[in-house]
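Worksheet: the structure to be examined is printed underneath.
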Number of protein chains: 2
Amino acid sequence: MDTITIKDIARALNLSTSTVSRALRDSYEINAETKRQVVEYAERLHYRPNPIAVSLKENRSRVIGVIVPQIANLFFSQVINGIEAVAYNRGYHVSIFQSHESYERELATVQQVVARKADGLLISLSSNTVDVSYLRQLQEKKLPIVLFDRASKDLDVPSVTADNFAGAFAATEHLIQMGRRRIAHVAIPASISIAQERLAGYRFALEKYGIPYDENLVRHAGFGPNEVEPIVNDLLIQSPDAFFAASDRLAIGCLATLKKWNIAIPGQIALIGFTNITVADLLDPPMTTVEQPALEIGQVAAGRLIDLIEGKQKTVSSDPVKIATRLVIRASTQAGL
Amino acid sequence: MDTITIKDIARALNLSTSTVSRALRDSYEINAETKRQVVEYAERLHYRPNPIAVSLKENRSRVIGVIVPQIANLFFSQVINGIEAVAYNRGYHVSIFQSHESYERELATVQQVVARKADGLLISLSSNTVDVSYLRQLQEKKLPIVLFDRASKDLDVPSVTADNFAGAFAATEHLIQMGRRRIAHVAIPASISIAQERLAGYRFALEKYGIPYDENLVRHAGFGPNEVEPIVNDLLIQSPDAFFAASDRLAIGCLATLKKWNIAIPGQIALIGFTNITVADLLDPPMTTVEQPALEIGQVAAGRLIDLIEGKQKTVSSDPVKIATRLVIRASTQAGL
DNA sequence: ACAACGTCCGGGAACGTTCCCGGTAACGAT
DNA sequence: ATCGTTACCGGGAACGTTCCCGGACGTTGT
């Protein structure tokens with residue numbers, strides 16, 4: 001009754017659907033005058049090709065699916081902005097989904113996205129995803145996939161991440177240079193690839209400066225709402241003189257807990273976050289952070305994916321791309337005591 | 001070569017596609033034994049119905065489209081979480097899109113979503129959208145639509161928003177009760193519906209306490225990255241003793257600018273934000289805020305939309321739903337001077 | 001004059017479903 | 001024996017496209 005189809009045009013102009021279809025796609029074998037008529041009529045009735053029918057026919061959709069653990073996270077939302085910018089420019093639509101850190105939701109969402117014939121997949125793994133075999137299967141079925149931020153060592157898929165090792169190294173080195181020696185590390189769940197990279201950077205810095213690694217100073221925190229506070233409390237028993245938090249959320253949680261105890265920052269304890277929070281310098285005290293180039297990660301990841309989709313990538317070199325981080329020094333890591 | 005279809009099952013089991021289709025949907029007119037065979041075989045080969053084909057046939061998709069101006073905004077991302085929670089429970093998939101505060105992108109995105117046969121639309125208007133006729137047309141074509149947060153008075157569509165008037169009133173009243181009299185209001189673009197509601201609440205509070213309304217104390221700020229600072233600077237000329245910022249972003253901008261000028265908060269100037277920022281009490285100083293129930297807004301909006309989709313809403317009463325806000329008092333509005 | 005070619009167009013299958021319309025048995029009731 | 005049911009199942013159209021195949025007509029070359 002309302003959406004106008006190619007058939008309607010054909011009927012109205014006394015043509016066949018084939019002719020109309022070809023006229024609309026500007027085929028060489030259609031008379032110029034006929035094309036004009038068709039295009040004009042289509043224009044006038046606001047004809048829009050039905051993408052569902054096209055997808056069914058062509059087995060593709062010009063849509064790329066993006067799956068992140070959480071959208072309410074500035075890092076991911078900025079990555080998405082980067083993705084959209086390049087995807088849009090190159091003629092792709094972007095559909096965004098959340099896994100909510102759940103393997104089941106991630107799996108279901110990916111299946112759905114694939115069933116809807118997305119041309120490619122951009123995904124950051126949920127923290128509860130250990131079994132990535134479903135992604136391997138998709139990969140074997142030639143579905144273009146690019147991982148970002150949270151990659152997986154079990155998967156030979158192109159990935160784009162921040163240089164977490166270097167970032168964590170820089171953070172830890174900075175703390176050491178500011179005279180800290182007992183540096184606690186509040187890490188994200190060990191299942192996530194970047195947790196290990198950041199931990200490694202942390203350890204490497206300690207090693208370089210001859211500080212023994214003390215595993216009592218390292219704790220992993222999950223994504224529960226009140227998980228950070230008890231962990232910080234535990235760590236405080238070890239009398240650290242600095243906290244290195246491995247994410248936005250954790251840094252904020254550390255800050256809140258330390259304040260609760262009336263611990264002077266950086267007087268007694270220095271604090272550094274691994275984050276993208278824009279309000280870092282409005283906090284009390286302004287917080288030193290390792291900034292991840294979220295936007296750029298998104299842009300690069302989307303670019304690689306689309307290259308893959310369009311077959312520009314002859315060599316499917318799945319060498320991971322690492323984007324440099326940036327240490328922004330603020331008050332929370334000044335020399336203390 | 002890989003995705004298995006109903007035809008494959010039919011061929012393998014020597015049945016017709018009709019029978020297989022019916023068996024899979026558990027039709028009463030299929031023999032129990034046949035059903036068993038079909039279901040088992042389908043299970044074994046991991047058969048998944050092709051949602052594209054189903055959409056084409058049924059003219060629906062069990063997908064609801066969500067369009068927000070910006071995802072990198074805690075308010076919207078929390079609303080989305082609310083939406084997803086109920087949508088998921090009721091058997092709908094959610095596709096998320098951003099308009100980036102652009103009318104053209106919004107229009108294009110909505111068209112795309114509609115063309116893909118979304119069953120309904122949940123949308124928060126971009127600040128540059130003045131012409132909502134395209135939405136009216138969709139509404140006339142019986143597409144279920146629910147607006148949230150940013151509604152439009154030109155549109156007779158169900159909407160779910162925070163109670164912006166009451167929230168702004170409470171904020172302003174609080175400032176007045178703390179002894180402030182020259183209360184500056186940094187508002188969001190006047191084109192957005194909630195800007196007017198918040199302004200009205202602000203004015204009503206002034207009126208109630210016999211404070212004359214001074215239009216020099218009210219300025220609207222757009223979404224540019226550096227738009228807030230000059231506006232705050234301008235307002236400072238009017239020597240205000242309080243700032244009421246109408247959004248997250250603006251409140252943060254005010255705070256940053258005031259700090260730049262070394263203005264004591266709340267000593268010289270009090271500050272209150274209209275926001276959802278979780279770090280409000282970690283800021284320097286902890287910021288008093290009017291909190292919007294973002295999650296609930298999302299839940300209610302999704303609920304209404306799905307009711308609409310499933311025709312449970314006999315009366316299409318488009319009376320707007322208003323969800324109460326909550327005033328959280330922190331240090332930034334203590335009595336000054 | 002006739003083949004050969006170019007130009008322009010239509011018929012119809014196919015993508016994977018659903019569903020309407022039928023049809024065939026078997027069986028009890030008349 | 002005939003009829004009406006009931007229980008099952010298949011054929012095929014339809015959703016909106018694209019594209020292969022083929023055909024009609026006119027023009028050109030020999």
Side-chain angles (χ1 to χ4, degrees), chain A residues 1-39 41-42 45-63 111-119 141, chain B residues 1-39 41-42 45-63 111-119 141:
Chain A
M1 48 251 102
D2 13 46
T3 59
I4 152 141
T5 80
I6 233 173
K7 287 188 188 173
D8 301 324
I9 304 181
R11 206 174 315 123
L13 265 43
N14 229 338
L15 291 171
S16 76
T17 58
S18 340
T19 305
V20 174
S21 173
R22 273 178 293 222
L24 289 173
R25 11 188 62 241
D26 201 26
S27 160
Y28 70 99
E29 47 177 336
I30 298 295
N31 180 289
E33 169 60 13
T34 310
K35 272 185 202 172
R36 204 192 49 73
Q37 282 187 18
V38 171
V39 170
Y41 188 84
L45 294 221
H46 302 112
Y47 166 76
R48 294 279 174 276
N50 182 328
I52 302 237
V54 177
S55 290
L56 182 59
K57 193 74 182 46
E58 313 261 89
N59 230 20
R60 63 198 217 90
S61 60
R62 296 231 127 223
V63 165
Q111 303 287 20
Q112 167 76 6
V113 170
V114 169
R116 292 213 168 261
K117 303 297 175 196
D119 292 0
K141 293 184 187 174
Chain B
M1 49 250 107
D2 356 59
T3 59
I4 152 142
T5 80
I6 233 173
K7 287 189 187 173
D8 300 325
I9 303 181
R11 204 173 317 123
L13 265 45
N14 229 338
L15 292 170
S16 77
T17 58
S18 339
T19 305
V20 175
S21 174
R22 273 178 294 225
L24 289 173
R25 7 187 67 240
D26 201 25
S27 161
Y28 69 98
E29 48 178 335
I30 298 295
N31 181 288
E33 169 60 13
T34 310
K35 272 186 202 171
R36 205 194 47 72
Q37 282 187 17
V38 170
V39 169
Y41 190 82
L45 293 221
H46 301 111
Y47 166 77
R48 294 280 173 277
N50 181 330
I52 303 240
V54 177
S55 290
L56 183 60
K57 193 76 183 46
E58 313 260 270
N59 230 20
R60 61 197 217 92
S61 60
R62 296 230 129 222
V63 165
Q111 304 287 21
Q112 167 74 7
V113 171
V114 169
R116 292 215 168 258
K117 303 296 172 198
D119 292 359
K141 291 185 186 172

- request: Enumerate the residues from residues 18-35 of chain A whose closest heavy atom to DNA chain C is under 4.0 Å, giving them by residue number; use none for an empty result.
  value: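 Residues of residues 18-35 of chain A that come under 4.0 Å of DNA chain C are, in numerical order, A/Ser18, A/Thr19, A/Arg22, A/Glu29, A/Ile30, A/Asn31, A/Thr34.
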message: At 10 degrees resolution, what angle do the end axes of the helix from C/dA1-D/dT30 to C/dT30-D/dA1 form when each is taken over five base pairs?
response: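 For the helix from C/dA1-D/dT30 to C/dT30-D/dA1, the axes at opposite ends meet at about 70°.
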- request: Would you mind classifying the nucleic acid contact of A/Asp8 as base, sugar-phosphate or nothing, using non-hydrogen atoms under 4.0 angstrom?
  value: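 The answer is nothing, as A/Asp8 stays clear of every strand by at least 4.0 Å.
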task: Mind checking A/Ile52 for me? I need base, sugar-phosphate or nothing, with any heavy atom below 4.0 Å counting as a touch.
output: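 It contacts nothing in the nucleic acid.
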With heavy-atom distances below 4.5 Å as the criterion, would you say the side chains of [X] and [Y] are in contact?
| X | Y | result |
| --- | --- | --- |
| B/Val38 | B/Ile30 | no |
| B/Ile4 | B/His46 | no |
| B/Val20 | B/Tyr41 | no |
| B/Arg62 | B/Val54 | no |
| B/Val63 | A/Gln112 | yes |

Tabulated below should be each protein N or O lying under 3.5 Å from an N or O of nucleotides 14-16 of chain D; please produce it.
unit_1 : atom_1 : unit_2 : atom_2 : d
D/dC15 : OP2    : A/Lys7 : NZ     : 3.1

message: When you measure from the side chain of A/Ser61 to the backbone of A/Lys117, do you find a donor-acceptor pair of N or O atoms at a distance under 3.5 Å?
response: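 Judged by distance alone, yes, a pair lies under 3.5 Å.
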message: Using whole Å, what does the distance between atom C1' of nucleotide D/dT17 and atom CZ of B/Arg116 come to?
response: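 Checked: the CZ to C1' distance equals 13 Å.
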- prompt: Got a sec, which pairs hit salt bridge (charged side-chain N to carboxylate O under 4.0 Å, His left out) with one end in residues 51-60 of chain A, sequence neighbours left out?
  reply: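 For residues 51-60 of chain A: A/Arg60-A/Asp119.
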May I have the list of side-chain donor-acceptor pairs in residues 7-15 of chain A shorter than 3.5 Å, sequence neighbours left out?
unit_1 : atom_1 : unit_2 : atom_2 : d
A/Asp8 : OD2    : A/Thr5 : N      : 2.8

- line: Going 5' to 3' through nucleotides 23-28 of chain C and flagging B where a protein heavy-atom sits under 4.0 Å of the base, S where only the sugar-phosphate is that close, and - otherwise, we get ------
